[in-house]
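Residue numbers start from 1 in every chain, and the chains themselves are labelled A, B, ... in the order their sequence lines are given, proteins ahead of strands. The model shown is predicted, which means the values in this text are computed figures rather than measured ones.
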Number of protein chains: 2
Amino acid sequence: MSGAPETSPVPDPAAAARPAPLPPTLAWHGGEDGELALLDQTLLPHQRRVLAVRDLETAIEAICALRVRGAPAIGVAAAYAAVLGVRAIAPPADFQSATAAVCARLAASRPTAVNLRWALDRVSRAAVREATLASLLREARAVHADEVAMSERMARFGAPLVPNGGCVLTHCNTGRLATAGDGTALAAMFRAWQDGARFRVLAAETRPLLQGARLTALELAAAGIPVELCCDSAAAGLIARGAVQAAFVGADRIAANGDFANKVGTYGLALACAAHGVPFYVVAPTSSCDLGIADGAAIPIEERDGAEVCALAGRPIAAAGVGARNPAFDVTPGHLATALVTDRGVLRPPYADAIKALLAAGR
Amino acid sequence: MSGAPETSPVPDPAAAARPAPLPPTLAWHGGEDGELALLDQTLLPHQRRVLAVRDLETAIEAICALRVRGAPAIGVAAAYAAVLGVRAIAPPADFQSATAAVCARLAASRPTAVNLRWALDRVSRAAVREATLASLLREARAVHADEVAMSERMARFGAPLVPNGGCVLTHCNTGRLATAGDGTALAAMFRAWQDGARFRVLAAETRPLLQGARLTALELAAAGIPVELCCDSAAAGLIARGAVQAAFVGADRIAANGDFANKVGTYGLALACAAHGVPFYVVAPTSSCDLGIADGAAIPIEERDGAEVCALAGRPIAAAGVGARNPAFDVTPGHLATALVTDRGVLRPPYADAIKALLAAGR
């Protein structure tokens with residue numbers, strides 16, 4: 001290549017094919033009269049539209065419709081949405097009651113992820129300490145900053161567990177789109193890749209709403225990490241054939257004994273990994289832990305509209321008139337998790353005492 | 001309702017909502033100069049189009065594209081397609097070699113289901129016995145009639161295993177659309193329903209090509225059997241919550257030890273059923289048994305185009321440029337099957353000697 005001018009940039013074909021970086025998953029713009037900016041994830045990967053949310057109803061609709069989703073991200077979004085809701089009640093006769101009412105409405109928007117309640121409890125307590133909108137916004141910003149910091153710490157603890165030279169199975173989306181930071185399970189992979197580990201990712205497509213196909217594949221491709229999709233149902237057979245060296249998933253709520261709820265399909269993947277001795281790692285912040293729930297049986301499982309299963313992008317895919325069961329989550333017994341990777345360290349089973357000690361240490 | 005005229009028919013709302021009966025899955029019309037009629041299953045449930053197939057290439061395309069699918073149905077379709085293929089070589093210099101060449105092409109169209117080879121072996125042997133097109137067509141018709149009879153016998157053996165008052169999980173399509181008769185696993189349900197058992201069916205949608213959502217739900221609704229869909233990944237969690245009393249699936253190839261290949265996703269369902277003590281029944285004709293294969297590891301697994309995963313009805317659903325693993329089948333160890341229901345009786349584990357004895361008895 002002696003004829004080429006020295007200043008000519010060497011094209012990186014891999015980088016050229018990479019999707020452009022995404023806008024932030026969520027952000028608060030301005031002060032107390034500001035607005036919540038949400039990247040509408042239902043339109044990804046085809047369209048990138050940022051919603052300017054200025055009222056409670058719009059925020060609740062965005063959470064219910066999964067325009068913002070992922071346990072940590074909906075916690076942060078709800079904290080900011082509480083500011084919007086209380087701001088609209090002007091002037092509230094009883095600031096604390098108004099805040100509590102707004103938080104109760106937000107908490108009911110999605111039942112399974114406990115981060116939503118964790119964030120709203122913090123905002124409610126801020127209203128008790130100081131009955132001003134400034135106090136609520138300050139707390140929402142603190143929730144946001146804490147989730148970013150937890151994401152960073154989970155990545156650091158999880159990265160060494162990513163099998164160098166192997167294939168990592170993941171489910172749903174646990175990256176930047178699911179959190180305020182780099183993610184949970186996916187953050188561990190981003191960090192491992194930055195640290196020099198080389199691996200491939202097998203992303204389960206995650207029916208019905210295809211977060212794996214639409215979001216995880218996009219995030220990994222944008223980061224230059226090799227990724228292939230598979231149907232959720234194909235993972236077990238691929239695991240049996242030795243195609244997977246470790247699985248990394250997130251969690252929407254972890255009970256006191258280590259049982260955890262996560263996107264529907266997680267339990268089946270955990271059973272398949274256990275049957276073939278493949279390590280199964282759960283990466284979640286302490287904001288996903290719920291000591292108030294003894295075991296997985298008590299975790300409320302959101303049942304969503306069967307239409308999500310019977311149609312795809314508005315097009316019916318099933319026989320007319322046929323309905324569907326559509327649980328959005330399932331519960332995996334803690335003993336199937338090889339380790340729980342949290343922002344305060346890596347726990348190994350049995351989890352009950354370890355989780356309790358972890359949460360007590362952070363108070 | 002004394003005012004209503006006695007002759008007024010009482011409307012049956014359930015029957016009114018039922019889909020109309022489907023045209024036959026496949027049929028041969030005419031004699032040696034006839035044609036193979038195939039219901040194009042890729043268009044269901046939205047369109048009902050019957051293809052008139054008069055040449056080998058069209059038949060192979062129909063099998064590869066899953067216009068006709070289901071292990072028993074593709075066996076019968078291939079037997080008739082062999083007649084079309086040999087007919088076009090006029091006059092064949094060596095009738096047996098021509099038949100063998102046509103059968104070899106058909107056998108290569110889909111690798112996993114052994115019924116295809118079973119049917120084509122019969123046609124090839126017919127050419128040896130009598131080197132005429134009439135002989136081939138006679139044998140294809142015999143293959144067809146035998147599959148219908150096997151379907152009837154599987155239904156009779158399987159029906160008593162359907163849990164009265166319970167919920168039956170099934171995967172992919174194992175009904176009239178998968179066979180020349182009433183089906184395999186679904187035929188047992190049709191028969192149980194006719195015999196007075198009452199139950200509900202939970203049909204896994206069966207990504208990527210949605211045979212559960214498109215075909216099984218249609219067949220069950222047409223028969224008046226209550227059916228709900230679920231995402232393939234939702235089944236394990238529903239099983240854990242006690243929502244399923246038995247699972248019934250088909251098989252595309254059963255190895256000598258009882259390991260079996262079936263539509264991808266079957267293995268994960270079998271693991272979940274085993275974890276929760278839910279009976280897992282495999283219903284398949286003896287034409288799906290392959291004593292030439294010792295165990296599941298040797299069953300060839302068809303890997304189909306990743307585009308089936310990354311797009312749906314031509315619409316991309318994944319991030320651009322991302323590929324997919326797309327095995328069409330997986331292998332379930334025989335020990336996870338509570339029973340194998342065949343056209344010659346119900347086998348219980350361990351299967352190795354039972355399968356051998358069964359096939360020997362039928363010779």
* Which residue out of B/T206, B/D330, B/V264 racks up the most heavy-atom pairs below 4.5 Å with chain A? -> B/V264
* Structure fact -> So, the part of A/I301 with a heavy atom under 4.5 Å from chain B: the answer is side chain
* Engaged part of B/V331 at the chain A interface, taking heavy atoms whose separation is under 4.5 Å -> neither
* When the ring planes of B/F199 and B/W193 are compared, do they come out parallel, tilted or perpendicular, using 30° and 60° as the limits? -> perpendicular
* Would you call A/D40 and A/R49 a salt bridge, using N to O less than 4.0 angstrom? -> no
* At a heavy-atom separation under 4.5 Å, does B/I239 approach chain A through its side chain, its backbone, both, or neither? -> neither
* What part of A/E303 is in contact with chain B, defined as an atom under 4.5 angstrom from a non-hydrogen atom: side chain, backbone, both or neither? -> side chain
* Residue part contacting chain A, namely of B/L215, when any heavy atom lies under 4.5 Å -> neither
* Structure fact -> Most contact-rich option vs chain B, by heavy-atom pairs under 4.5 angstrom, among A/D232, A/L218, A/V227, A/V322, is A/V322
* Would you tell me whether B/R214 and B/N173 have side-chain atoms, one donor and one acceptor, within less than 3.5 Å of each other? => no
* Which one, A/A234, A/G237, A/C231, leads in non-hydrogen pairs under 4.5 Å with chain B? -> A/C231
* Could you look at B/L44 and say if it's the side chain, the backbone, both or neither that has a heavy atom under 4.5 Å from chain A? => neither
* Asked: Is there a donor-acceptor pair under 3.5 Å between the side chain of B/Q211 and the backbone N or O of B/P208?
  -> no
* To do: Just give me the residue among A/G321, A/P327, A/G268 that pairs up with chain B most often, heavy atom to heavy atom, under 4.5 Å.
  => A/P327
* Looking at A/F329, does the NZ or CZ of A/R304 lie under 6.0 angstrom from its six-membered ring centre and within 45 degrees of the ring axis? -> no
* Evaluate the salt bridge (charged side-chain N to carboxylate O under 4.0 Å, His left out) criterion for residues B/D290 and B/R253: first the C-alpha distance (whole Å), next the side-chain angles of each, then the deciding distance (0.1 Å), finally the verdict. => CA-CA 7 Å; B/D290 185 0; B/R253 189 183 309 216; 2.7 Å; yes
* To do: Specify which of B/P316, B/G306, B/A297 makes the most heavy-atom pairs with chain A at under 4.5 Å.
  => B/P316
* So, A/E219 side chain and A/L177 main chain: donor-acceptor pair closer than 3.5 Å or not? -> yes
* Structure fact -> Bottom line for A/L220: the part with an atom under 4.5 Å from chain B's heavy atoms is neither
* Does a side chain donor of either A/D252 or A/T112 reach within less than 3.5 Å of an acceptor in the other side chain? -> no
* To do: Let me know if B/A275 has heavy atoms under 4.5 Å from chain A in its side chain, its backbone, both or neither.
  => side chain
* Ring centroid separation A/Y267 to B/H276 under 6.0 Å -> yes
* Asked: Where on B/P226 is there a heavy atom nearer than 4.5 Å to chain A: the side chain, the backbone, both, or neither?
  -> neither
* Asked: Which bit of A/L210 is near chain B, if near means a heavy-atom gap under 4.5 Å: side chain, backbone, both or neither?
  -> side chain
* Among side-chain atoms of B/Q41 and B/R69, is any donor-acceptor pair under 3.5 angstrom? -> yes
